[in-house]
Student: 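Okay, handing you the structure first.
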2 protein chains.
Amino acid sequence: MKVIIDVMSGDNAPLELVKGAVMAKENLGVDIVAVGNEEIIRKIASEQSLNIDSIEIVNTDVVIDMEDDAVSVVRAKKDSSMGIGLQMLSRGEGDAFVSAGNTGALLTGATLIVRRIKGIKRAAIATVLPLQTPTLLIDSGANIEVDEKILEQFAVMGSVYMEKIYGIDTARVGLLNNGTESTKGTALYKNANQLLGASADINFVGNVEAKEVPFGACDVLVCDGFTGNVLLKSIEGMSKFFMRTLKNVFYENLFTKLSALMLKGKIGGIKKQFDASEHGGAPFLGIAKPVIKAHGSSDARAVMNAVRQAVSYAKTGIIDNISECALRIKEREDTKE
Amino acid sequence: MKVIIDVMSGDNAPLELVKGAVMAKENLGVDIVAVGNEEIIRKIASEQSLNIDSIEIVNTDVVIDMEDDAVSVVRAKKDSSMGIGLQMLSRGEGDAFVSAGNTGALLTGATLIVRRIKGIKRAAIATVLPLQTPTLLIDSGANIEVDEKILEQFAVMGSVYMEKIYGIDTARVGLLNNGTESTKGTALYKNANQLLGASADINFVGNVEAKEVPFGACDVLVCDGFTGNVLLKSIEGMSKFFMRTLKNVFYENLFTKLSALMLKGKIGGIKKQFDASEHGGAPFLGIAKPVIKAHGSSDARAVMNAVRQAVSYAKTGIIDNISECALRIKEREDTKE
């Protein structure tokens with residue numbers, strides 16, 4: 001198993017990415033290819049006393065940053081760490097690719113260089129929400145405008161992911177909506193409710209309201225990327241808001257500080273639950289090979305967890321499974337016509 | 001000032017509604033009309049030792065429940081407590097109307113019986129989010145499909161509300177979106193960004209991501225009712241989830257229980273911040289007279305706060321102001337054509 005890492009992209013690149021690459025190599029027993037500026041990588045390794053002898057380095061000076069256009073990865077910046085990594089994955093010079101960089105560019109590159117699974121209309125960004133039970137949000141931001149057939153594919157891909165990675169046999173699929181009744185929502189959501197309800201490939205539990213999402217209302221939450229992005233960022237913002245409110249409460253006076261001391265481990269537990277670095281990254285479901293988007297603010301630990309996730313993804317045969325489902329849906333549609 | 005209350009609708013009706021009506025009468029110095037089953041109202045008053053002598057009662061046996069169709073308020077159930085209350089408001093037999101009942105029916109009734117302000121295309125449900133600074137979410141669920149001109153009117157109505165009720169002079173209007181760049185979002189949101197940016201009637205601060213909403217990114221947050229409902233319920237769900245997580249932490253062992261005791265007042269403060277009953281209800285902006293939707297789970301205190309809000313709404317001339325803005329927008333549009 002060989003994982004390619006773009007060590008130049010992300011808020012904490014290259015330092016935390018290089019550290020994460022070494023940590024992954026040492027702890028996960030996988031081969032690592034680090035794509036980035038070799039001089040910088042070697043300098044970091046020397047300064048941090050990291051052993052990078054067993055890590056393969058592919059040198060490039062070009063980096064895609066957050067301001068770059070998404071298509072730059074296949075045009076002006078195809079020789080960037082992200083572009084080269086995706087090309088290597090496409091050619092089979094690695095089993096999975098991890099990047100903490102520009103999401104739009106990574107998705108565009110994955111779609112145009114690595115390509116989609118045959119029969120899949122759109123690749124989606126899937127994010128596991130770390131709430132009462134793990135809930136896979138699909139799509140969390142890649143596809144702003146979709147149709148109900150695309151949402152059905154998201155439901156199928158999400159179900160396969162939750163089965164293979166979380167061992168959930170018949171994942172409960174919910175459709176995000178503004179009410180539980182099947183007639184709720186826009187025309188798209190009404191149609192999607194019908195289509196998901198009739199689908200033989202998933203276990204549809206109906207519409208799910210956002211307020212039930214934290215309490216494990218479903219295992220796979222399907223929606224368009226616009227609404228999904230609002231939900232994801234709202235959960236992110238509210239978690240941050242609460243932790244800050246709590247911190248202010250604790251630091252108010254001696255008694256509250258004492259309480260904080262007694263509760264330290266517990267509050268740490270809550271913080272850990274909401275901490276992106278504990279949960280690896282977001283897979284691009286629908287791409288023909290494993291591409292994992294690590295959180296932009298990933299530290300070394302988060303990078304290692306994203307690599308761990310990439311390895312599971314590559315090992316469990318998710319892509320073959322999605323491919324079979326896509327064919328089955330296609331056949332049924334052809335029969336109907 | 002006379003406020004009409006539908007005392008038969010809501011999860012805790014009629015008990016908490018009757019108690020809330022009496023509480024409002026005693027504390028706010030306004031006249032109250034209670035619409036509902038007179039026998040039940042008198043029985044509750046006697047059992048709870050409430051003085052209802054100075055409250056006007058309008059008797060009806062009919063109640064709209066959560067399963068009723070929205071149009072029932074003007075058809076089969078026009079003699080319901082909600083229907084009668086709206087008709088009284090329309091005829092000028094009260095200055096404002098408060099109901100904790102079926103939101104769809106209340107909006108339909110308000111629109112068809114009380115009518116919209118001239119020039120306003122759609123009435124919206126506006127909800128104040130109790131976060132770092134009060135943020136008015138408009139629309140939070142009434143209008144599932146809208147166009148950019150409707151969103152512009154939401155922005156104007158929301159700005160007037162925040163000025164009149166919260167004293168915010170030039171309210172910062174944000175457009176909910178999946179990114180801050182002006183080119184983000186669906187076609188609707190791209191167009192809305194242009195239109196809001198060019199509008200002379202508002203102080204537009206651009207697109208706002210959901211993660212910034214808790215931290216006071218804007219005073220008025222504009223979006224369609226589908227996305228707004230997802231955001232509102234996500235904030236509601238996350239608040240509940242966090243309070244529950246915290247409670248579990250506190251009740252784990254002796255030390256944590258002791259800490260909980262020391263922090264009691266502080267945690268109560270957090271709880272209070274997120275408690276719907278502290279914040280009154282949601283006004284239907286765009287309706288020609290004040291209609292306030294109290295939270296479905298309102299207790300007596302929440303009902304009183306909704307009445308307080310109704311009084312402010314009626315007193316501050318919000319409706320005249322919105323009316324003037326609507327005319328101004330209309331004139332500008334006519335000039336352009």
Side-chain angles (χ1 to χ4, degrees), chain A residues 104 131-132 140-141 144-145 176-179 184-189 209-215 217 223-246 248-250 252-256 258-263 265-267 269-270 273-274, chain B residues 104 131-132 140-141 144-145 176-179 184-189 209-215 217 223-246 248-250 252-256 258-263 265-267 269-270 273-274:
Chain A
L131 301 167
Q132 190 169 304
S140 66
I144 298 308
E145 318 229 26
L176 183 61
N177 211 322
N178 67 321
K184 284 281 182 176
T186 59
L188 166 67
Y189 278 81
E209 290 185 90
K211 68 178 172 187
E212 300 303 334
V213 171
F215 303 101
C223 60
D224 67 273
F226 183 81
T227 314
N229 194 263
V230 167
L231 180 68
L232 178 68
K233 286 180 180 162
S234 156
I235 289 173
E236 196 182 323
M238 285 303 287
S239 302
K240 200 169 158 191
F241 181 68
F242 271 116
M243 293 315 298
R244 205 175 283 184
T245 305
L246 210 56
N248 289 342
V249 163
F250 281 143
E252 200 161 320
N253 61 46
L254 185 66
F255 282 111
T256 60
L258 194 61
S259 309
L261 210 64
M262 287 199 278
L263 286 169
K266 305 293 163 193
I267 300 300
I270 300 180
Q273 183 172 8
F274 291 110
Chain B
L131 300 168
Q132 190 168 303
S140 66
I144 299 307
E145 318 229 26
L176 183 61
N177 210 322
N178 68 321
K184 283 281 182 176
T186 60
L188 166 67
Y189 278 80
E209 290 185 272
K211 68 179 173 187
E212 300 303 332
V213 172
F215 303 101
C223 61
D224 67 274
F226 184 80
T227 313
N229 195 263
V230 167
L231 179 68
L232 178 68
K233 286 179 179 163
S234 156
I235 289 173
E236 197 182 324
M238 285 303 289
S239 302
K240 200 168 158 191
F241 179 67
F242 204 84
M243 290 315 296
R244 205 176 282 183
T245 305
L246 211 54
N248 290 342
V249 162
F250 282 144
E252 203 161 317
N253 61 44
L254 186 65
F255 283 111
T256 59
L258 194 61
S259 311
L261 210 64
M262 288 199 276
L263 287 170
K266 306 293 163 195
I267 301 299
I270 301 181
Q273 181 173 9
F274 293 106

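Lettering follows sequence order; numbering is per chain, from 1.
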Student: If the plane angle is over 60° it's perpendicular, under 30° parallel, otherwise tilted; pick one for B:Y189 and A:F226.
Tutor: tilted
Student: My understanding is that only residues two or more places apart in sequence, or in another chain, count here; which of them pass side-chain contact (heavy atoms from CB on, under 4.5 Å) with B:N229?
Tutor: A:N178, B:K233
Student: Could you tell me how the ring of A:F242 sits relative to the ring of B:F242: parallel (under 30°), tilted (30 to 60°) or perpendicular (over 60°)?
Tutor: parallel
Student: Side chain from CB out, backbone as N, CA, C, O: work out which of these in A:K240 comes under 4.5 Å of a heavy atom of chain B, or both, or neither.
Tutor: both
Student: Side chain, backbone, both or neither: which part of A:V230 has a heavy atom under 4.5 Å from chain B?
Tutor: both
Student: Against chain B, work out which of A:G141, A:A187, A:P214, A:G185 has the most heavy-atom pairs shorter than 4.5 Å and name it.
Tutor: A:P214
Student: Nearest heavy-atom pair of A:Q132 and A:F215: which atoms, and what distance?
Tutor: OE1-CD2, 3.3 Å
Student: With a 4.5 Å cut-off on heavy-atom pairs, point out which of B:K184, B:E145, B:E236 contacts chain A the most.
Tutor: B:E145
